[in-house]
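For clarity, every value in this text was computed on a predicted model and none was experimentally measured. Lettering follows sequence order; numbering is per chain, from 1.
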Amino acid sequence: MRDTDYAYAVARIRANEGKLLTSAQMASLVDAPTFSDAVAALRDAGWLDAAGDDFDVSAAIGAQYERLWQLLSQSVPASSELRALTLLNDFQNLKAALKCLLTDSDPTHLYVAPTSLDTETLTKRVQNHDFDLLPEPFAACARNAYAAACRTESGQSADVIVDAAALQALSDAANDTDCELLREVFAFVCDSTNMKIAYRCARTGKDISFTESAVSACAKLDKRLLCAFAVQGEAALLAHLSGTPYAAGAALLQKSTTAFEKWCDDSVTDMVKRAKYVFFGFEPILAYYYAKVAEIKSVRIILSGKQSGVPVETIKERVRALYV
Amino acid sequence: MTNLGLALALFGAAFAVVFAGIGSAKGVGLVGQASAGALSEDSSLFGKVLILQLLPGTQGLYGFIIAIFVLIRTNVLSGTPVELTWQQGLMYLASCLPIAFGGLLSGIHQGKVAASGVSLVAKKPDQSGRAITMASLVEFYAILPFLISFLAVFRIG
């Protein structure tokens, strides 16, 4: 697809960029004394359509994701790049569907949005064991994950297979695209997720075979070394990571998962900022997607924090960096 | 081959109108797509984006004017075409090439600048003046070949 094919989408996205929350609006949201004040500030900023006493944070956040995906799918020409944006969510939903198949429960409340894989169809296919009717790469992944779960009688083995397949799909999407920025972002997402998985393996003392099956394809990291150091323990793994381009993230990994996840999101926002100066192609769309997702995450953190009485300073530490 | 000269001159007129027209069509089309995107979010921007969409359309007009002058100079419009030597015909053809190719390329590039301007206006409507100025600068490189073609067509004896 030519860069100029995105002219309509980019103009529409630019108009929406102007509606993203500014740093002043975000600051007033964080400083809002109560949950109701924060909701009122969001309403004033035009972020929420309506808010009453029965205001539901999850529903409002869900509506924002839905609106984001609606905007992208309506304006961006259908492409593998657009579908790639929802890959992680699609695999997350597959994991939920498989888990619920094993526990004989309803997965609907576990599904995340936005997604390219219709959740209703996914539920039906998984519950009927019609894995082959799912599109690739989900069909093979679902088959293998279900077989592993039945063999080991543990949902964890299925989760490991789905997570590894998700990262592999992300890595494949990065290799297939002409969009340089998408390649960079996906490479970072793969690496940072693998860091998190390896650290979790190190902390729980997993053996090399489990660690190697859990860690997937890396871009700037050496999978072999990552697994080898993870088996040696947390300290060895962190020492190894401190010598990689992700030293800053490694330091936060030790501090807390929340801090590490904020670092991941902020790094992606920082990466996509250069798309502000691009007027054709997929880059501005990619940048808006991540900017909006970061904004939605920040609003969720603020509202949940206000609801449960988390101190302002703690909320400030967790709020994501802004794109605008 | 008494009509070779006239045929070459008419080829020149066709080149001027077709290539400059292609440049404008591509440019205006691109800005039109971007404008539709901007207007789907804010219809009040119509006046601002319309100017940007018009800008790449001038190349086609310049090519058309040169083609008309060639037709006038060769009396094709009056129905009694003049006899032209092949050298004179070649001169008309060469005179039309600046606007043909200058119009083609400047139309496409002006379209890209104007479409970027539409994106800028969509995000910051108060920047429309700057967006129009930037797109207008490309016009200079459509006017230069137009002037050369215009002067050359009139100097052919």
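- In the displayed structure, Tyr141(B) atom OH is contacted under 6.0 Å by at most 12 heavy atoms of other residues, nucleotides or ligands.
- Put simply, the side chain of Ser116(B) reaches to within 4.5 Å of the side chain of Phe280(A), judged on heavy atoms.
- More than 12 heavy atoms of other residues, nucleotides or ligands sit less than 6.0 Å from atom CZ of Arg183(A).
- Scanning all heavy atoms of the two residues, the minimum distance from Glu41(B) to Lys19(A) falls at OE1-NZ, 3.0 Å.
- Residue Phe11(B) qualifies as open at atom CZ: its count of foreign heavy atoms under 6.0 Å is 12 or below.
- Contact between Asp5(A) and Gln33(B) at its shortest, heavy atoms only, is O-OE1, 4.3 Å.
- Considering all non-hydrogen atoms of both residues, Ala36(B) and Tyr8(A) come closest at C-CE1, 3.5 Å.
- In terms of heavy-atom pairs under 4.5 Å with chain A, the best-connected choice from Gly37(B), Ser35(B), Ala34(B) is Gly37(B).
- Counting non-hydrogen atoms of neighbouring residues, nucleotides and ligands closer than 6.0 angstrom, the CZ atom of Arg274(A) exceeds 12 such neighbours.
- For a residue to count as touching a neighbouring chain, one of its non-hydrogen atoms must lie under 4.5 Å from one of that chain's; by this rule Ile13(A) does not touch chain B.
- Of the listed residues (Ser75(A), Ala15(A), Pro284(A)), the one with the most heavy-atom contacts under 4.5 Å to chain B is Ala15(A).
- Using a 4.5 Å heavy-atom cutoff, the side chains of Asp3(A) and Lys112(B) are not in contact.
- Enclosure of atom NZ in Lys273(A) by more than 12 non-hydrogen atoms of other residues, nucleotides or ligands within 6.0 angstrom is indicated.
- Under a cut-off of 6.0 angstrom, the local environment of CD in Glu66(A) is sparse, with at most 12 non-hydrogen atoms contributed by other residues, nucleotides or ligands.
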